[in-house]
Amino acid sequence: MVSVYKDADYLAVYKQRKRLLYIFWALTVAYLGFSGGCLAYHISLPYRDPMLIWPKVMVISASILYMVFIFPFMSIKFGRVNRYYKLMGFLSEGLKSEEKNYFYCFEEKALQKDNVDVMGCVFETWNKKHSEWMEREAFWDKEKPLPAFDSGDYVQYVVQSNFIVQYRILQKQALEFQEEDDEVDAEESVEEETSETESQEQVQEETQEQSQE
């Protein structure tokens with residue numbers, strides 16, 4: 001089976017997360033050191049010295065720059081990497097289930113699963129109890145390229161937290177969906193019903209005219 005996630009993926013996101021943490025702590029230590037130096041300089045100045053204003057200005061400016069950079073950096077950049085890192089760890093250790101279904105289509109999703117952007121993989125499975133086709137949806141990580149699934153492929157796949165982690169195409173185009181034929185049949189039935197109602201109305205009008213004569 002084809003594995004969606006590999007050990008190299010987990011190692012790469014781990015190193016990226018570690019590197020971002022180094023940047024955060026380096027900037028934080030530099031900011032605290034700079035602020036401590038300004039404070040020490042401010043204390044060393046005599047009372048009512050005209051230079052007292054400059055340490056305050058420098059600390060305020062450094063604080064603004066630090067906040068402007070660190071909040072987007074940690075909430076967007078590091079936050080996304082950290083969520084993906086947690087997902088990778090969970091997918092490698094959590095319980096998995098295996099299924100075999102017919103692939104129907106990919107469905108764009110404006111949602112997140114476990115704080116990760118996902119694509120919907122819609123499968124069709126036969127329900128013996130109800131004797132009808134049921135829809136089964138699994139999630140595909142948008143960070144990964146889409147698999148070469150075509151409509152009707154018989155696919156064996158392994159899911160963890162409803163994420164596809166492994167897959168194998170057992171048979172290409174094993175099932176042909178008849179949606180278009182069903183729509184045509186529905187349109188033909190509607191046309192037949194309308195023609196029948198029109199003919200009935202014509203017959204009624206003719207009988208009424210004959211009765212009046």
Side-chain angles (χ1 to χ4, degrees), residues 1-25 27 69-180 182-183:
M1 297 183 74
V2 179
S3 296
V4 179
Y5 301 96
K6 299 178 176 61
D7 294 337
D9 296 330
Y10 182 80
L11 183 61
V13 73
Y14 170 77
K15 289 181 177 180
Q16 188 178 9
R17 179 179 181 272
K18 192 175 182 179
R19 183 170 61 253
L20 294 177
L21 281 176
Y22 280 152
I23 295 174
F24 167 73
W25 287 115
L27 291 175
F69 175 79
I70 214 68
F71 272 106
F73 178 79
M74 293 302 292
S75 61
I76 300 174
K77 182 69 175 178
F78 177 77
R80 185 174 181 82
V81 173
N82 191 51
R83 291 193 297 267
Y84 203 74
Y85 170 76
K86 290 181 179 179
L87 173 68
M88 293 290 292
F90 184 67
L91 292 179
S92 62
E93 298 175 358
L95 297 176
K96 300 175 177 62
S97 62
E98 183 177 314
E99 300 182 31
K100 295 179 182 179
N101 292 318
Y102 295 94
F103 177 75
Y104 180 57
C105 68
F106 292 108
E107 188 173 301
E108 191 73 25
K109 290 287 183 183
L111 57 82
Q112 292 183 336
K113 170 66 175 173
D114 295 334
N115 297 313
V116 175
D117 295 330
V118 297
M119 173 79 74
C121 293
V122 182
F123 295 90
E124 295 289 335
T125 179
W126 180 253
N127 190 312
K128 295 181 180 180
K129 183 178 180 180
H130 299 283
S131 298
E132 62 179 355
W133 288 98
M134 303 291 290
E135 189 176 281
R136 165 74 169 93
E137 184 179 55
F139 294 130
W140 184 268
D141 184 2
K142 280 189 175 181
E143 297 289 337
K144 296 292 182 180
L146 292 176
F149 293 164
D150 294 322
S151 181
D153 290 352
Y154 189 47
V155 181
Q156 178 185 8
Y157 57 96
V158 178
V159 294
Q160 159 62 39
S161 185
N162 211 34
F163 274 93
I164 297 178
V165 295
Q166 288 181 315
Y167 69 90
R168 177 171 57 191
I169 301 175
L170 300 177
Q171 185 177 352
K172 293 291 291 183
Q173 296 181 346
L175 181 66
E176 185 177 354
F177 297 103
Q178 301 293 331
E179 284 190 352
E180 294 181 358
D182 294 340
E183 291 178 357

Quiz item: Looking at residues at least two apart in the chain, or sitting in another chain, which of them share a side chain to side chain donor-acceptor pair (under 3.5 Å) with Gln16?
Solution: none
Exercise. Could you tell me the separation between the NZ atom of Lys142 and the CD atom of Glu108, rounded to the nearest 0.5 Å?
Key: 4.0 Å
Quiz item: How close do Asp153 and Gln173 get, heavy atom to heavy atom, and via which atoms?
Solution: OD1-N, 2.6 Å
Quiz item: Roughly how far, to the nearest 0.5 Å, is CG of Asp9 from CD of Glu143?
Solution: 10.5 Å
Quiz item: Between atom CZ of Arg19 and atom CZ of Phe78, what is the distance when rounded to the nearest 0.5 Å?
Solution: 12.0 Å
Exercise. Describe, in one word, how the ring planes of Phe123 and Tyr157 are oriented to each other, choosing from parallel (under 30°), tilted (30 to 60°) and perpendicular (over 60°).
Key: parallel
Quiz item: Got a donor-acceptor contact below 3.5 angstrom from the Lys6 side chain to the Ser3 backbone?
Solution: yes
Self-check item: From Cys121 atom SG to Tyr104 atom OH, the distance as rounded to the nearest 0.5 Å
Solution: 14.0 Å
Self-check item: Nearest atoms (heavy-atom pairs only) where Val158 meets Lys96
Solution: CG1-CB, 3.7 Å
Self-check item: Nearest-0.5 Å distance, CD1 of residue Ile23 to CZ of residue Phe73
Solution: 4.5 Å
Quiz item: Which residues pass the salt bridge (Lys or Arg N to Asp or Glu O under 4.0 Å) test with Asp141, sequence neighbours left out?
Solution: none
Quiz item: Between Asn101 (side chain) and Glu137 (backbone), is there a donor-acceptor pair under 3.5 Å?
Solution: no
Practice problem: Taking all non-hydrogen atoms of both residues into account, name the closest pair between Val159 and Ala138 and its distance. | Solution: CG1-CB, 4.2 Å
Self-check item: Tyr167 ring center within less than 6.0 Å of Phe149 ring center
Solution: yes
Practice problem: Measure across Ile164 and Tyr5 and return the closest heavy-atom pair with its distance rounded to 0.1 Å. | Solution: O-CE1, 4.0 Å
Quiz prompt | Listed partners of Phe106 passing ring-ring contact (aromatic ring centres under 6.0 Å, His included), at least two apart | solution = Phe103
Quiz prompt | Neighbour count above 12 (heavy atom, 6.0 Å) for Lys144 NZ | solution = yes
Quiz item: Do you know which of Glu99, Lys100, Arg168, Gln171 makes side-chain hydrogen bond (donor to acceptor under 3.5 Å, both in side chains) with Gln156?
Solution: Arg168
Self-check item: Set of residues satisfying side chain to side chain donor-acceptor pair (under 3.5 Å) with respect to Lys18, sequence neighbours excluded
Solution: none
Quiz item: Got a second to check how far Leu170's CG is from Met1's CE, nearest 0.5 Å?
Solution: 8.0 Å
Quiz item: What are the two closest non-hydrogen atoms of Pro145 and Trp140, and how far apart are they?
Solution: O-CZ2, 3.1 Å
Practice problem: Would you please name every residue forming a side chain to side chain donor-acceptor pair (under 3.5 Å) with Asn127, sequence neighbours left out? | Solution: none
Practice problem: List for me each residue that meets side chain to side chain donor-acceptor pair (under 3.5 Å) alongside Asn82, sequence neighbours excluded, and say none if there are none. | Solution: Arg17
Quiz item: Quick one: does Glu124's side chain get under 4.5 Å of Glu135's, heavy atoms only?
Solution: yes
